[in-house]
Amino acid sequence: MPFYLILDRIQIHNKFEWFSPAEVKIYSFANDGRLSLPELDTLKDAKEFADKQQIIREMGKTILAKWEGIKIENVETDHIFNFGDTGKIVASSDTLPETLDWTMLIVEDDEDIRDFGEMIDKILPDDKIDSLSSNLLKIFNKATNPQVTAAIAISKMLIRGVTAVLRENENDQMGLIEQSFVRRLHYPQGKKTGKGVPDLTGNTWYDYTIFGYEK
């Protein structure tokens with residue numbers, strides 16, 4: 001059963017640029033349970049903080065490498081962007097996932113954002129790694145699916161770290177989406193739509209489609 005998560009439309013209220021249209025970058029990451037983090041198995045045996053740093057930052061790089069970037073130019077206040085008749089596919093799978101966690105970060109892009117993986121030390125600083133390490137060890141010991149749960153925990157920490165770095169570079173955050181779906185509750189027949197869904201900042205609204213079908 002092929003499966004798709006489609007971004008159909010977004011509306012951005014405040015563009016933050018006062019005198020000119022804004023350039024906007026959308027970073028989307030969807031975890032359908034297939035993401036493998038082999039470093040998680042080695043983290044439980046790590047004793048030195050330096051080893052934990054390296055392991056967690058490598059997991060962070062693995063997740064960041066799967067973020068998809070979408071650029072929108074000439075964004076005005078209350079800009080509505082339609083992704084055509086077919087929408088923008090932000091996740092796909094050959095099977096209908098039992099769970100789906102979707103994160104999307106929308107930022108003003110001033111062309112000074114480098115590859116996030118190269119900034120992993122700033123995105124995941126030492127104090128964040130210390131707390132994240134304890135949380136990941138609890139996940140490893142207690143979670144039913146530790147790979148999925150760990151990916152979600154790291155993704156949320158990455159969002160906070162990336163947002164902090166973007167603020168330093170004077171890139172404003174325009175939107176943040178964190179959606180979690182369960183097949184049994186949200187798309188038992190493989191289909192679900194959302195229209196005019198508000199994001200977590202209140203600055204962006206979006207339409208999406210979940211679509212799966214039997215071959």
Side-chain angles (χ1 to χ4, degrees), residues 3-32 60-61 63-93 100-120 122-124 152 154-181 186-187 191-212:
F3 170 84
Y4 302 95
L5 170 62
I6 301 168
L7 178 63
D8 297 306
R9 186 178 78 152
I10 61 171
Q11 178 178 358
I12 299 172
H13 173 55
N14 190 344
K15 65 183 177 68
F16 297 106
E17 287 281 357
W18 292 102
F19 303 109
S20 62
E23 292 186 348
V24 173
K25 199 72 172 283
I26 301 172
Y27 296 98
S28 178
F29 171 68
N31 178 17
D32 61 5
K61 287 182 180 180
I63 294 172
L64 286 172
K66 296 183 179 297
W67 284 21
E68 180 177 1
I70 306 167
K71 190 169 184 177
I72 306 175
E73 298 181 338
N74 300 316
V75 174
E76 299 285 358
T77 297
D78 287 323
H79 183 98
I80 297 176
F81 190 87
N82 293 292
F83 290 90
D85 293 337
T86 58
K88 174 66 177 177
I89 296 174
V90 294
S92 62
S93 173
L100 180 69
D101 294 280
W102 178 31
T103 299
M104 195 164 74
L105 176 66
I106 305 169
V107 296
E108 174 201 345
D109 180 12
D110 282 337
E111 298 295 342
D112 60 357
I113 301 174
R114 299 172 297 163
D115 176 68
F116 286 141
E118 296 177 2
M119 298 184 287
I120 196 66
K122 294 183 67 176
I123 292 172
L124 292 178
I152 295 170
I154 297 172
S155 296
K156 290 183 177 181
M157 189 69 77
L158 288 171
I159 284 288
R160 290 193 285 271
V162 168
T163 300
V165 169
L166 291 174
R167 279 199 298 265
E168 288 183 11
N169 293 341
E170 298 184 351
N171 291 279
D172 292 307
Q173 179 180 328
M174 294 181 168
L176 176 61
I177 295 166
E178 291 183 359
Q179 284 267 41
S180 293
F181 303 101
H186 301 117
Y187 50 92
K191 297 179 182 180
K192 180 177 174 59
T193 60
K195 302 291 184 182
V197 182
D199 82 321
L200 294 177
T201 70
N203 192 51
T204 297
W205 294 262
Y206 60 100
D207 298 350
Y208 70 88
T209 300
I210 288 176
F211 182 66

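Note that this is a predicted model, so its numbers are computed, not measured.
A donor-acceptor pair under 3.5 Å is formed between the side chain of N203 and the backbone N or O of N14. D199 contributes no side-chain N or O that, together with a main-chain N or O of W205, makes up a donor-acceptor pair within less than 3.5 Å.
The neighbour count for K195 NZ, taken as heavy atoms of other residues, nucleotides or ligands under 6.0 Å away, is above 12.
Annotation: the span from E108 atom CD to I106 atom CD1 amounts to 13.5 Å, rounded to 0.5 Å. Between T209 atom OG1 and K192 atom NZ the span is 11.0 Å, to the nearest 0.5 Å. Expressed to the nearest 0.5 Å, how far OG of S28 lies from NZ of K66 amounts to 13.5 Å.
Considering all non-hydrogen atoms of both residues, D207 and G196 come closest at OD1-N, 2.6 Å. Here the closest heavy-atom approach between residue D32 and residue S93 is recorded as OD2-CB, 3.6 Å. The two residues Y27 and G69 come nearest to each other via the heavy atoms CD2-CA, 4.3 Å.
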Determine, step by step, whether T201 and M174 satisfy the side chain to side chain contact (heavy atoms under 4.5 Å, CB included) criterion, reporting the C-alpha distance in whole Å, the side-chain angles of both residues, the deciding distance to 0.1 Å, and the verdict. CA-CA 8 Å; T201 70; M174 294 181 168; over 6 Å; no
Chi angles and distances behind the side chain to side chain contact (heavy atoms under 4.5 Å, CB included) call for L158, I120: CA-CA 9 Å; L158 288 171; I120 196 66; 4.3 Å; yes
H79 vs I72, test: side chain to side chain contact (heavy atoms under 4.5 Å, CB included). Steps then yes/no. CA-CA 10 Å; H79 183 98; I72 306 175; 4.3 Å; yes
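For N31, the side chain to side chain donor-acceptor pair (under 3.5 Å) criterion is met by no residue, not counting sequence neighbours. Residues satisfying the side chain to side chain donor-acceptor pair (under 3.5 Å) test with T103, not counting sequence neighbours, are none.
Ring-plane geometry between F3 and Y187 is classed as tilted, the angle between the planes lying from 30 to 60 degrees on a 0 to 90 degree scale. By the 30° and 60° cut-offs, the orientation of the rings of W102 relative to Y206 is perpendicular.
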Tell me which donor-acceptor pairs under 3.5 Å the side chains of residues 81-90 have, and how far apart each pair is, sequence neighbours excluded?
{"from": "K88", "atom 1": "NZ", "to": "E68", "atom 2": "OE2", "distance (Å)": "3.1"}

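Q179 places a side-chain heavy atom less than 4.5 Å from the side chain of V197.
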